[in-house]
Amino acid sequence: MSDQELRRQHVAWPGNAVEVRSVIKTFNAGTPKQVDALVDIDLTVESGEFVSLIGPSGCGKSTLLRLIANLTEPTAGSIVVNGKPARQARVDQDYGMAFQQAGLFDWRTVVRNVELPLELKSWDRARRRARAMEMLELVKLDEFAGHRPWQLSGGMQQRVAIARALAAAPELLLMDEPFGALDEMTREHMQAELLRITAEAGTSVVFVTHSIPEAVFLADRVVVMSPRPGRITELVSVELGDPRNTDTREDPLFFKKVTEVREALRGIGAKSADELLIEGVAEER
Amino acid sequence: MRKAVLFLVALALVAAVWELYKSLGPEAGGEVLGWKIMPRTNRNAMPHVWDMTTRLFDPERRASGRAIWRVVLAGVWYSLRLAVLGLAVGATVGVLLAVLMARFGVVRRGLLPYLVVSQTVPLIALAPLVASWGGRLQPFGWEWPKWLSVVVLGAFLAFFPVSVGTLRGLEATPATSLELMRSYAATWGETLRKVRLPAAVPYIVPALRLAAAAAVVGVVVAEISTGQRGGIGRLVIEYGRTSSADPERLFTAVFGAAVLGLLMALLIAGMDWFVMRGRQRVEEYS
């Protein structure tokens, strides 16, 4: 049984996790500073599916994620999450979210950071403590429950943030370059951990990244986007099979898919691909 | 421990500099480039450190047996309670105003200029007014005690740094934290309680430090200008009247005021330690 099928088994909602239909997002509409951030976006994320969004900066991949999260409203079009309007899904806390910055709160211990979304759902103390500890075990940080976030390394903080995003058992996880600030070794480790955790919990994932190997390693499907105006140019299916591990990274098929995504990005225009490369180098530093 | 030793060393150093200048400086004051800026060193302006210290242990009046240091300490204790109360009232009002201003842009735009203006009103002009208003207030048949006017004036000076500092802190919450709370569909009140206020604490503590100093000044000045007895402000006035004959005694009251300031600083330091436990210290803004 593949990871995706395994995930699908857990999901209560049988339909698609995300349905984006004819979405347009325009900033500063009608002014000289008008920016067409996204045009004609159609995207379906099946439940249990892991989808990566990749593209040069300015292609609107983060905006698309924020639209799905209902942190911003589309100018036109509809977004359905777990079978309901995106706004309702946010109010129901149907998704968990993780950002590039772990964004943990200094004044809370690690375990109380994980408890935060449960507090807002008015869970009682004992129940949320038990759930938070369970989540910390999942990311293998249970022995650091009583520590303060700043006492942890960047990778550990990011794992706590993932535990927090998963605490309320969302069926959908939205991640905006969560490993962007980590070094390569930690990053690869975190990618494997993320696959294990989301497979165990049966979570669908939309994952924004600008790293081609990361997108390919993680995803069932890679969504390639282009800038000015932001649109989806290609969908690359990654049939790498499960489980994925260090060997996967040396699999010829992995390289083939990396090349495929890279060429799809190059198709956007040599300039953009160069930009991506330059940004990539800048980020590494 | 190290801090306490340093404190004593600094104190001894100040005494030494004082005595050094007293022995070398001009008796009747001096001029530098035609400016009369060098302080006089006669007994009236600069009594000997030793004389001032021993004066502490003399009885206040020949008739009564109470030593001056006891009278001064009693004054410190009295003023300290008023200052702490003033600080508490001022800090509460300050935080409430800051929350209101952070919540409603209209309140912020309308209120903030007046808060700044309020601090330019001289306390000495305000004190008799507050005292006389207070005297006329008898809420539920309860008489407005005179010392409450002093507390109000202390609070009047204390609230300002707290409200400005807290507002700054509330607005400095990282956008990502607010976005996270939005993704949880948290209400404004929940976001305030769980994120904005705790995130503002490193801004509130230094503001409280300023407010504590302001409360001390407010209380001492208000005691003087409302004629409130029992506190250190009153002692300064009382001992000042006889200062030409007995300058050392005036300085014992000044010592008392310094002790008062020191105790308030200690109080804030203790609170700082308590609320910042387990937090990573961020650099305080200057």
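These numbers were taken from a predicted model, which means no experiment stands behind them.
The distance from the CZ atom of A:Phe99 to the OG atom of B:Ser177 is 9.0 Å, given to the nearest 0.5 Å. To the nearest 0.5 angstrom, A:Asp176 atom CG is 11.0 Å from B:Thr176 atom OG1. A distance of 13.0 Å separates OH of B:Tyr184 from CZ of A:Arg90, quoted to the nearest 0.5 Å. With rounding to the nearest 0.5 angstrom, the CG atom of A:Asn70 is 6.0 Å from the CZ atom of B:Arg182.
Within a 6.0 Å sphere centred on CH2 of A:Trp123, heavy atoms belonging to other residues, nucleotides or ligands number more than 12. Counting heavy atoms of neighbouring residues, nucleotides and ligands inside a 6.0 Å radius, atom CD1 of B:Ile124 does not exceed 12 of them.
Note: A:Gln93 leads A:Gln101, A:Arg108, A:Gln93, A:Arg87 in heavy-atom pairs under 4.5 Å with chain B. When each of A:Ala98, A:Gly103, A:Pro117, A:Ala168 is scored by its heavy-atom pairs under 4.5 Å with chain B, the top score falls to A:Pro117.
Residue contact with chain B, scored on non-hydrogen atoms closer than 4.5 Å, is absent for A:Leu104.
Across every non-hydrogen atom of B:Arg279 and A:Trp107, the tightest pair is NE-CB, 3.5 Å.
The contact list for residues 185-197 of chain B toward chain A, using heavy atoms and a distance under 4.5 Å, reads B:Ala185, B:Ala186, B:Glu190, B:Lys194, B:Val195 by residue number.
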